[in-house]
Amino acid sequence: MLEYKTIEGEYFTEWEINKSRFLTYIKHVETEIEAQEFISSIKKKHFDARHNCSAYIIGERSEIQKSSDDGEPSGTAGAPMLEVLKKNELSDIVVVVTRYFGGIKLGAGGLIRAYGKSVTLGLDVSTIVKKSIFNCYKLNLNYDLLGSFENYLHQKEIRIQNKDYSDIVSFTLLLAQNDSENILKDITNLSAGRIKIEELEPVYLNIPLNTK
């Protein structure tokens with residue numbers, strides 16, 4: 001598992017240059033099939049547009065990268081769109097830019113700038129997050145330890161995924177990898193070893209990098 005940047009949700013922007021309208025659709029996806037389905041849905045929605053150009057990057061290591069000029073001169077649409085995604089170090093993302101031609105040709109350089117700017121405008125309104133890996137632990141403790149334990153969690157601002165109050169108390173904690181060892185040591189010392197700790201599978205959390 002790796003840490004990487006992506007977006008949450010789906011976004012839309014629109015702008016115009018020399019009477020050509022550029023409509024940008026951006027969405028978080030997790031598979032290539034999802035990306036292709038999204039592209040198809042936009043093409044269907046804007047079947048009357050001259051071009052529905054696209055780009056997507058999928059995977060923890062950005063291992064899947066594809067783009068389409070959809071009828072624009074080769075290298076003037078999909079490639080600059082993909083380049084903006086790469087420059088922003090984003091993955092698990094798909095973008096479609098629909099162009100309604102306004103009758104004035106932009107030229108190759110103009111198209112490259114227009115499609116690149118369209119993606120940038122879309123990202124400007126998107127919530128960008130870092131998918132960070134957190135170690136996950138289940139802790140079981142008796143009620144007499146609950147007060148001091150909860151105070152410690154509050155002081156350290158530790159993420160609690162789940163709580164269960166039954167015969168004993170169970171907490172599922174998410175700990176940053178670089179803090180896990182020290183926090184578990186603190187908990188063991190705090191309880192004199194009376195808190196049972198079980199390590200679970202690590203999980204991803206989305207940590208916002210900007211606010212919209």
Side-chain angles (χ1 to χ4, degrees), residues 2-132 204-212:
L2 300 174
E3 293 189 340
Y4 63 98
K5 291 196 300 181
T6 185
I7 65 166
E8 285 186 329
E10 183 176 339
Y11 305 90
F12 170 79
T13 57
E14 178 179 354
W15 73 295
E16 183 177 313
I17 179 172
N18 291 344
K19 298 184 179 180
S20 280
R21 291 169 57 218
F22 289 84
L23 285 63
T24 303
Y25 296 86
I26 297 182
K27 186 179 182 181
H28 171 79
V29 291
E30 298 190 352
T31 67
E32 188 170 15
I33 291 175
E34 287 182 27
Q36 292 170 346
E37 288 176 345
F38 181 69
I39 294 168
S40 296
S41 70
I42 301 303
K43 285 185 173 183
K44 184 177 180 180
K45 179 177 181 177
H46 294 291
F47 65 91
D48 57 336
R50 182 168 291 192
H51 309 285
N52 289 284
C53 306
S54 60
Y56 58 83
I57 300 178
I58 308 292
E60 294 177 358
R61 295 177 172 82
S62 301
E63 51 265 41
I64 301 174
Q65 301 184 14
K66 293 186 180 179
S67 63
S68 169
D69 294 313
D70 194 40
E72 292 283 28
S74 179
T76 63
M81 291 167 60
L82 184 63
E83 192 59 33
V84 173
L85 300 182
K86 290 165 63 177
K87 182 179 178 181
N88 284 274
E89 300 177 333
L90 294 166
S91 192
D92 287 355
I93 186 171
V94 59
V95 57
V96 182
V97 177
T98 298
R99 180 190 180 195
Y100 283 95
F101 183 54
I104 300 174
K105 292 185 177 181
L106 301 180
L111 288 173
I112 290 171
R113 289 189 293 273
Y115 280 100
K117 179 177 178 179
S118 296
V119 178
T120 298
L121 291 173
L123 293 179
D124 284 345
V125 303
S126 302
T127 297
I128 297 175
V129 298
K130 180 171 73 172
K131 293 185 76 73
S132 295
Y204 271 127
L205 282 186
N206 289 344
I207 309 300
L209 296 178
N210 60 1
T211 55
K212 302 297 179 187

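For the single chain, residues carry numbers from 1 onward in sequence order. Nothing here was measured: the structure is a model prediction, and the numbers come from that model.
Between the side chain of Ser126 and the backbone N or O of Ile128, no donor-acceptor pair lies under 3.5 Å. A donor-acceptor distance shorter than 3.5 angstrom exists from the side chain of Ser91 to the backbone of Gly59, with no hydrogens or angles considered. His28 places no side-chain N or O within donor-acceptor distance of the main-chain N or O of Glu10, the cut-off being under 3.5 Å. Here the side chain of Thr6 pairs a donor or acceptor atom with the backbone of Asp92 at under 3.5 angstrom. Between the Ser118 side chain and the Thr24 main chain, no donor and acceptor come within less than 3.5 Å of each other. At least one donor-acceptor pair closer than 3.5 Å links the side chain of Asp70 to the backbone N or O of Asn52.
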I'd like a table of donor-acceptor pairs (distance under 3.5 Å, sequence neighbours excluded) in which one partner is a side-chain atom from residues 75-90, with atom names and distances.
{"residue": "Thr76", "atom": "OG1", "partner": "Pro73", "partner atom": "O", "Å": "2.6"}
{"residue": "Asn88", "atom": "ND2", "partner": "Val84", "partner atom": "O", "Å": "2.8"}

| task | List the steps and the verdict of side chain to side chain contact (heavy atoms under 4.5 Å, CB included) for Ile39 and Val94. | result | CA-CA 8 Å; Ile39 294 168; Val94 59; 3.9 Å; yes
| task | Show your reasoning for whether side chain to side chain contact (heavy atoms under 4.5 Å, CB included) applies to Leu121 and Leu123. | result | CA-CA 5 Å; Leu121 291 173; Leu123 293 179; over 6 Å; no
| Residues Val129, Ile7; criterion side chain to side chain contact (heavy atoms under 4.5 Å, CB included); working and verdict | CA-CA 6 Å; Val129 298; Ile7 65 166; over 6 Å; no
| field | Candidate pair Leu106 and Ile17, rule side chain to side chain contact (heavy atoms under 4.5 Å, CB included), full reasoning | value | CA-CA 9 Å; Leu106 301 180; Ile17 179 172; 4.2 Å; yes
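How far OG1 of Thr120 is from OH of Tyr115: 14.5 Å, rounded to the nearest 0.5 Å. From His51, atom NE2 reaches atom OG of Ser68 across 11.0 Å, with rounding to the nearest 0.5 Å. Here the straight-line distance linking atom NZ of Lys117 with atom CG of Asp124 works out to 10.0 Å at 0.5 Å rounding. Atom CD1 of Ile33 is separated from atom CD1 of Ile58 by 10.5 Å, given to the nearest 0.5 angstrom. A distance of 4.5 Å separates CG in Asn206 from CD in Glu8, rounded to the nearest 0.5 Å. One finds the CZ atom of Phe22 at 6.0 Å from the CH2 atom of Trp15 (value rounded to the nearest 0.5 Å).
Salt-bridge annotation for Glu72 and Arg99: present, with a side-chain N of the basic residue lying under 4.0 Å from a carboxylate O of the acidic one. Between Glu14 and Arg21 a salt bridge is recorded (basic side-chain N to carboxylate O distance below 4.0 Å).
Applying the side-chain hydrogen bond (donor to acceptor under 3.5 Å, both in side chains) criterion to Lys105, with sequence neighbours excluded, gives no partner residue.
The two atoms that bring Ser20 and Ile104 nearest to each other are OG-O, 4.4 Å, heavy atoms only.
Applying the 6.0 Å contact sphere to NZ of Lys130 captures no more than 12 heavy atoms from other residues, nucleotides or ligands.
Sorted by first and then second residue, the ring-ring contact (aromatic ring centres under 6.0 Å, His included) pairs involving residues 74-103 (not counting sequence neighbours) are His46-Tyr100.
Between Lys27 and Tyr11, every side-chain heavy-atom pair lies at or beyond the 4.5 Å cut-off. Put simply, the side chain of Val29 does not reach to within 4.5 Å of the side chain of Ile93, judged on heavy atoms.
Side chains of Tyr56 and Glu32: a donor on one and an acceptor on the other come within 3.5 Å.
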